[in-house]
Amino acid sequence: MWALVNNSNNITNVYGEFPSKITINNRNYDKAELNAMSDSEKLAIKIYPVTAAEELNNKYYISNDPTYAVSGDKVVETITKSADRKLADEDAKDEEGNQLLNPDGSKTINYGLKTNAKNKATTQANGLLKDFDWLIQRKVTADTAIPSAVVTYMAAIRTDHGNICTAIDGASDMAAFIALHTDTFKGDGSVDVVARVNRWTTDANVKQHRR
């Protein structure tokens with residue numbers, strides 16, 4: 001990124017890439033010319049490099065618009081947090097505070113991060129179990145026993161799902177919620193503990209039964 005700074009040291013424009021033409025001190029510069037300039041040549045016409053800020057994770061936070069400030073021979077971008085995203089569900093309301101309703105007359109709900117995370121866990125659990133449906137159908141229609149390893153695995157996945165949802169419900173604040181989604185690492189950089197929401201019983205002993 002680049003920033004155009006005027007003679008009063010105020011930032012007048014910030015560019016992700018140069019436009020087709022910029023007028024500086026009554027002279028026109030086209031994009032190709034600007035891209036071909038060295039950093040020192042750009043600085044001479046008050047085009048400063050921008051040090052980009054690290055963006056906040058928009059899964060968890062709402063960001064304010066970036067701000068920019070001249071610092072020596074560069075411009076520094078700053079991005080601050082406006083608010084955390086909501087963990088809990090909320091009633092959906094219009095600008096006047098009136099409850100919004102679904103076509104069937106029920107309340108419209110803005111689902112929070114916790115509900116969305118539990119729904120994702122349910123989808124993952126169902127996905128891990130669905131490949132064994134044929135064994136259940138075979139048991140019902142032909143009374144063929146389901147392999148004990150599969151029965152054990154399916155019970156473990158249901159337990160995992162319950163534990164994950166309980167942990168999500170128990171997250172008291174955003175830091176605790178984020179921790180459920182974050183792996184921990186050993187000193188060598190390898191994963192030590194997989195994030196709770198991604199930690200499911202291995203299917204190593206039942207892969208051959210998936211269909």
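On a predicted model such as this, the values are computed, not experimentally measured, just so you know.
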Got Leu4 and Ile11 here, is their nearest side-chain heavy-atom distance under 4.5 Å? no
Treat each ILVMFWY residue as a node, draw an edge where side-chain heavy atoms are under 4.5 Å apart, and state whether Val5 and Leu34 are in one component. no
Check step by step if side chain to side chain contact (heavy atoms under 4.5 Å, CB included) holds for Lys120 and Thr123. CA-CA 5 Å; Lys120 180 179 178 181; Thr123 298; 5.6 Å; no
Give the ring-plane orientation class for Trp200 versus His161, where under 30° counts as parallel, over 60° as perpendicular and anything between as tilted. parallel
Between Glu17 and Asn35, is a side chain to side chain contact (heavy atoms under 4.5 Å, CB included) present by the stated rule, with each step listed? CA-CA 9 Å; Glu17 62 178 53; Asn35 285 331; over 6 Å; no
Contact between Asn25 and Asn7 at the side-chain level, heavy atoms closer than 4.5 Å - yes or no? yes
What distance do Lys93 atom NZ and Asp91 atom CG have between them, rounded to the nearest 0.5 Å? 6.0 Å
Take atom CD of Glu55 as the centre, draw a 6.0 Å sphere, and report whether it contains more than 12 heavy atoms from other residues, nucleotides or ligands. no
Report the C-alpha separation of Phe177 and Leu87 in whole Å, then their side-chain angles, then the decisive distance to 0.1 Å, and conclude whether the side chain to side chain contact (heavy atoms under 4.5 Å, CB included) test is met. CA-CA 8 Å; Phe177 182 80; Leu87 289 174; 3.7 Å; yes
Is there a continuous path of hydrophobic side-chain contacts, each under 4.5 Å between heavy atoms, that joins Leu129 to Ile136? yes
Is any side-chain heavy atom of Asp183 closer than 4.5 Å to one of Val193? no
Identify the two heavy atoms, one from Thr115 and one from Asp89, that lie closest to each other, and give their separation to 0.1 Å. OG1-OD1, 2.8 Å
Reference residue Thr184; test side-chain contact (heavy atoms from CB on, under 4.5 Å); the match among Val194, Val191, Asp192: Asp192
Answer yes or no: is there a side-chain heavy-atom contact under 4.5 Å between Leu100 and Asp94? yes
Just do the side-chain hydrogen bond (donor to acceptor under 3.5 Å, both in side chains) check on Asp188 and Ser190 with the steps written out, would you? CA-CA 6 Å; Asp188 62 3; Ser190 62; 2.6 Å; yes
For residues Ala117 and His181, report the shortest heavy-atom separation together with the two atoms involved. CB-NE2, 4.3 Å
Close side-chain approach of Met1 to Val14, heavy-atom, < 4.5 Å: yes
Indicate yes or no for a side-chain donor-acceptor contact from Arg211 to the backbone of Asp131 under 3.5 Å, with no hydrogens or angles considered. no
Under a 3.5 Å distance rule, please check whether Glu90 uses its side chain to pair with a backbone N or O of Gly112 as donor and acceptor. no
Look at the side chain of Asp173 and the backbone N and O of Ala176, then say whether any donor-acceptor pair between them is shorter than 3.5 Å. yes
Of all heavy-atom pairs between Ala53 and Glu77, which one has the smallest distance, and what is that distance? N-OE1, 2.8 Å
First locate atom CZ of Arg27, then atom CD of Glu33, and finally report the distance between them rounded to the nearest 0.5 Å. 4.5 Å
Would the distance check show the side chain of Arg196 and the main-chain N or O of Arg199 forming a donor-acceptor pair, the cut-off being under 3.5 Å? yes
May I ask you to decide if Asp104's main-chain N or O and Asn102's side chain share a donor-acceptor pair within less than 3.5 Å? no
For a 4.5 angstrom cut-off between non-hydrogen side-chain atoms, does Leu113 reach Met174? yes
Using modelled atom types and a 3.5 Å cut-off, is there a donor and acceptor pairing between side-chain atoms of Lys42 and backbone atoms of Met37? yes
Are Leu43 and Val50 in one and the same hydrophobic cluster, where Ile, Leu, Val, Met, Phe, Trp and Tyr link if side-chain heavy atoms are under 4.5 Å apart? yes
Could you tell me the separation between the OG1 atom of Thr166 and the CG atom of Asp169, rounded to the nearest 0.5 Å? 6.5 Å
Are Lys59 and Arg85 close enough that some pair of their side-chain heavy atoms sits under 4.5 Å apart? no
Are any of the side-chain heavy atoms of Val76 and Tyr68 separated by less than 4.5 Å? no
Has the side chain of Asp203 got a donor or acceptor atom that lies under 3.5 Å from a matching backbone atom of Lys207? no
Does the gap between the ring centers of Tyr153 and Phe132 come in under 6.0 Å? yes
Answer yes or no: is there a donor N or O on one side and an acceptor on the other, between the side chain of Trp2 and the main chain of Asn13, under 3.5 Å? no
Going through the distances and angles, do Asn28 and Ile22 end up as a side chain to side chain contact (heavy atoms under 4.5 Å, CB included)? CA-CA 6 Å; Asn28 293 329; Ile22 299 176; over 6 Å; no
Heavy-atom donor-acceptor pair, Thr80 side chain to Asn64 backbone, under 3.5 Å: no
For Asn6 and Thr12, test the side chains for any donor-to-acceptor distance below 3.5 angstrom and give the result as yes or no. no
Work out which heavy atom in Ala195 is nearest to a heavy atom in Thr182; give both atom names and the distance. CB-N, 3.3 Å
Heavy atoms from other residues, nucleotides or ligands near CD of Glu54 exceed 12 (cutoff 6.0 Å): no
Can you hop from Val75 to Tyr15 via hydrophobic side chains spaced under 4.5 Å? no
Ile47 CD1 to Asp39 CG distance, which is reported to the nearest 0.5 Å: 11.0 Å
Main chain of Ala204, side chain of Thr202: is a donor-acceptor contact present, judged purely on distance under 3.5 Å? yes
Using 0.5 Å steps for rounding, measure from the CG atom of Leu101 to the NZ atom of Lys107. 9.0 Å
Would you give the length of the straight line joining atom NZ of Lys81 to atom CD1 of Ile79, rounded to the nearest 0.5 angstrom? 14.5 Å
Identify whether Tyr48 and Phe18 are in the same connected component of the hydrophobic contact network (ILVMFWY, side-chain heavy atoms under 4.5 Å). no
Of all the heavy-atom pairs spanning Pro147 and His209, show the shortest one and how long it is. CG-CE1, 3.6 Å
More than 12 non-hydrogen atoms from neighbouring residues, nucleotides or ligands closer than 6.0 Å to OH on Tyr111, yes or no? no
